[in-house]
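Note sheet for the following structure.
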Amino acid sequence: MNRGQKVLIVGGVAGGASAAARLRRLDESAQIIMFERGEYISFANCGLPYYIGGIIRDKSSLTLQTPASFKARFNVDVRINNEVVAINPKNKTVRVKDLVTGAEYEENYDKLILSMGAEPVKPNIEGINSDKVFVLRNIPDTYKIKEYIDDFKPKSAVVVGGGFIGVEMAENLHAMGIQVTMVEMADQLIASIDYDMACDVHNHIVSKGVKLLLGNTVRFVADKGDFLDIVLDSGKINADMLIMAVGVKPETQIAKDAGIAVNERGSIIVDEHMKTSEKDIYAVGDAVEITDFVTGSKGFVPLAGPANKQGRIAADNVCGIDSVYTGTQGSSILKVFDLTVASTGINEKTARRLGINYDKSFTYSANHASYYPGAKNMSVKTIYEKESGKILGAQIVGYEGSDKRCDVFATAIRAEMTAFDLTRLELCYAPPYGSAKDPVNMAGYVIENILTNKVKIFHWHDVNSLPRDRSVTLLDIRTANEYNRGHINGFINIPLDSLRSRLTEIDKTKPVYVTCQVGLRGYIAARILSQNGFDVYNLSGGYRLYNSIFGSDNSFFLGNNIC
């Protein structure tokens, strides 16, 4: 360990602050200087929308560490309002501008850690610089939005962007009594999950009174004094304020200027030790290119968890400890009003794009024993490798308990477990907390049945292309009451409990496509039919999934006239 070395850190928050704290724990004699161009070195950026919405009331709760507290505990020289404007790798110096005085100075280093993070994307749209248009990335942004709401009492707001910040802002603005419209360029919110899982989210958001306009792009904004005119692909809307939440990009210009290797996106390229292309320079957090743990492909995943781990790993290596970062799997969770949306690993879009030989299953399981009051189903989509059953990704949309199930999936992916392994997991059970067959176990059982040829499945996107000319049998085995409340066109009804006595009504020479409500009774029907000589397929996710995609109003989708 090289004790007594001088280490400079550019940027705080998750990556930089974690690196500084770890460095000090490892080396009491190191000289550590952290530069932060803003006023805040460590703040809860994930909590910013909830301060605006009044859930978090105390400003000080957003600030995790101050320069004074960081100095007292870790003996780190924190220089706020000091921006590193240039790096000279050859001379091992940085040029710093004091943003208060305007003076510039140089600091030399033995090791340099870059943690500049990412900045909000602000599209080049006419009118975007109006004082009624906001972005949210840091504490000053938060105070600006909060003060505008307090001072001007807006009645309506448009949120552009359907990612985490956009959804959280929509919820919190709505909680303040503001009429919210969400605008998203893609056909779905929350890009980390797939469209079929996002449909539940769309329906839930709309049910809460938020207007949703998918497949729409903002073309220009006109400040009319008292309000904004916002022109979209599909028409024009007006609002009292506009939040731009269309994503972030790595803030790495000083790295590029210094000749440090970056990718096409601008993310700094690092190795498993968080080393850059320049000797003695490391980079962490939202500024760096990551390697996907599941696929090995390169990407950009701006999350606090990976940033913290990377900061710790960079500090280890600065101190001579051979520590490696093994990849990012993108585990994330989001509160959408009272709904929980969680995901880990890759989604189906990614699996398809990379040509992975995958399949998927949809299961619906109660968060705890169904006979215990308050049980609610969660929707689970599991992506797995066809050959081995290895778990590649999971998405959960539900309520209480969704988070812990996604954490189990995240652990299973990190351990490279298969669906067969999921069936063997012994998870905690008591009626208020779970079921003897946990939702994670159930996902494993379903995939095991598919992989061992106990059942063949078809999916929601196959349904509408099935022939309705009687060359196949389309069979709904729910009760008559369920069937009468809504069913898929062309499917006849034979309830499961009378199926055995009515087998003669089904033509054994034709394939049979079965659906029930969520897939469980369909599996039982498929087993009955297959053992009686039928060629049978069960609809994964059942009518519940199909109806969430095709049966809703969908008036929020793609180019409806809103003028």
Side-chain angles (χ1 to χ4, degrees), residues 192-194 196-197 292-295 326-327 329-333 340-348 350-351 356-370 375-430 433-457 459 518-524 526-527 538-542 544-545:
S192 58
I193 64 176
D194 291 312
D196 40 31
M197 296 296 281
D292 188 290
F293 176 80
V294 176
T295 68
T326 56
Q329 64 190 73
S331 300
S332 61
I333 193 164
T340 297
V341 181
S343 65
T344 186
I346 63 170
N347 55 32
E348 186 178 1
T350 300
I356 295 171
N357 188 21
Y358 77 96
D359 206 344
K360 61 199 174 192
S361 74
F362 297 91
T363 50
Y364 296 89
S365 302
N367 58 335
H368 58 66
S370 58
K376 291 184 178 179
N377 275 359
M378 61 182 71
S379 307
V380 181
K381 180 177 182 177
T382 311
I383 312 294
Y384 60 93
E385 190 176 66
K386 272 189 176 181
E387 298 93 335
S388 65
K390 185 169 76 170
I391 305 302
L392 305 176
Q395 301 161 41
I396 303 179
V397 178
Y399 297 90
E400 184 180 357
S402 299
D403 53 344
K404 72 174 183 177
R405 274 50 182 239
C406 197
D407 283 340
V408 175
F409 276 112
T411 305
I413 291 170
R414 184 62 61 163
E416 299 188 334
M417 295 171 70
T418 69
F420 303 99
D421 296 317
L422 296 187
T423 69
R424 303 180 188 112
L425 290 178
E426 186 176 333
L427 303 173
C428 295
Y429 162 57
Y433 301 104
S435 300
K437 292 180 180 178
D438 189 84
V440 176
N441 297 137
M442 289 301 296
Y445 291 137
V446 169
I447 298 169
E448 178 187 56
N449 286 335
I450 296 167
L451 293 175
T452 55
N453 299 314
K454 292 181 178 65
V455 66
K456 295 187 288 187
I457 61 170
H459 292 292
V518 299
L520 179 57
R521 284 175 289 171
Y523 167 65
I524 298 170
R527 291 300 298 156
N538 183 33
L539 179 58
S540 183
R544 160 71 175 77
L545 176 61

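Residues take their numbers from the sequence shown, with the count starting at 1. Both backbone and side-chain heavy atoms feed into the values below; hydrogens, waters and symmetry mates do not.
Here the shortest heavy-atom pairing between Ala410 and Thr344 reads CB-OG1, 3.5 Å. Nearest heavy-atom pair across Ala443 and Phe409 is CB-CZ, 3.8 Å. When all heavy atoms of His368 and Gly434 are compared, the pair lying nearest together is CB-N, 3.4 Å. Closest approach of Ile391 to Leu422, counting heavy atoms only: CD1-CD1, 3.8 Å. Heavy atoms only, all atoms of each residue included: Ser388 and Thr418 are closest at O-CG2, 3.7 Å. When all heavy atoms of Val294 and Gly345 are compared, the closest pair comes out as CG2-CA, 4.1 Å.
Between the side chain of Asn347 and the backbone N or O of Ser192 there is at least one donor-acceptor pair closer than 3.5 Å. Using modelled atom types, no side-chain atom of Asp194 and backbone atom of Asp196 make a donor-acceptor pair closer than 3.5 Å. Judged by distance alone, the side chain of Asn377 and the main-chain N or O of Asn367 form no donor-acceptor pair under 3.5 Å. Proximity of a side-chain donor or acceptor of Ser540 to a complementary backbone N or O of Phe362 within less than 3.5 Å is detected.
Taking the side chain as every heavy atom from C-beta outward, Ile457 and Asp359 approach each other to under 4.5 Å. Between Ile346 and Thr295, some side-chain heavy-atom pair lies under the 4.5 Å cut-off. Ser343 places none of its side-chain heavy atoms less than 4.5 Å from the side chain of Met197. Considering only heavy atoms from C-beta on, Tyr384 comes within 4.5 Å of Leu451 through its side chain. Using a 4.5 Å heavy-atom threshold, the side chains of Lys390 and Met417 count as separate. No side-chain heavy atom of Met378 sits under 4.5 Å from any side-chain heavy atom of Val397.
Remark: Ser331 OG to Ile413 CD1 distance equals 7.0 Å, nearest 0.5 Å. The CG atom of Leu539 lies 7.0 Å from the CG atom of Leu545; values are rounded to the nearest 0.5 Å. Taking OG1 from Thr423 and CD1 from Ile447, the interatomic distance works out to 10.5 Å, rounded to the nearest 0.5 Å. Taking CD of Glu348 as the reference point, atom NZ of Lys360 lies at 3.5 Å (rounded to 0.5 Å). Atom NZ of Lys456 and atom CG of Asn449 lie 14.5 Å apart (nearest 0.5 Å). Going from atom OG of Ser379 over to atom OH of Tyr364 covers 4.5 Å, rounded to the nearest 0.5 Å.
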Thr340 vs Ile396, side-chain contact (heavy atoms from CB on, under 4.5 Å): CA-CA, chis, key distance, verdict: CA-CA 8 Å; Thr340 297; Ile396 303 179; over 6 Å; no
Evaluate the criterion side-chain contact (heavy atoms from CB on, under 4.5 Å) for residue pair Val341 and Ile333; output intermediate values, then yes/no. CA-CA 6 Å; Val341 181; Ile333 193 164; over 6 Å; no
Trace of the side-chain contact (heavy atoms from CB on, under 4.5 Å) decision for Tyr523 with Arg521: CA-CA 5 Å; Tyr523 167 65; Arg521 284 175 289 171; over 6 Å; no
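Atom CD of Glu387 is surrounded by more than 12 heavy atoms from other residues, nucleotides or ligands within 6.0 Å. The 12-atom threshold is exceeded at CZ of Phe420, counting heavy atoms of other residues, nucleotides or ligands nearer than 6.0 Å.
A salt bridge does not link Glu448 with Lys454: none of the charged nitrogens is closer than 4.0 Å to a carboxylate oxygen.
In the model, Glu385 has no side-chain atom that pairs as donor or acceptor with a side-chain atom of Tyr358 under 3.5 Å.
Pairs passing the side-chain hydrogen bond (donor to acceptor under 3.5 Å, both in side chains) check and including a residue from residues 397-411, sequence neighbours excluded, read Arg405-Asp438.
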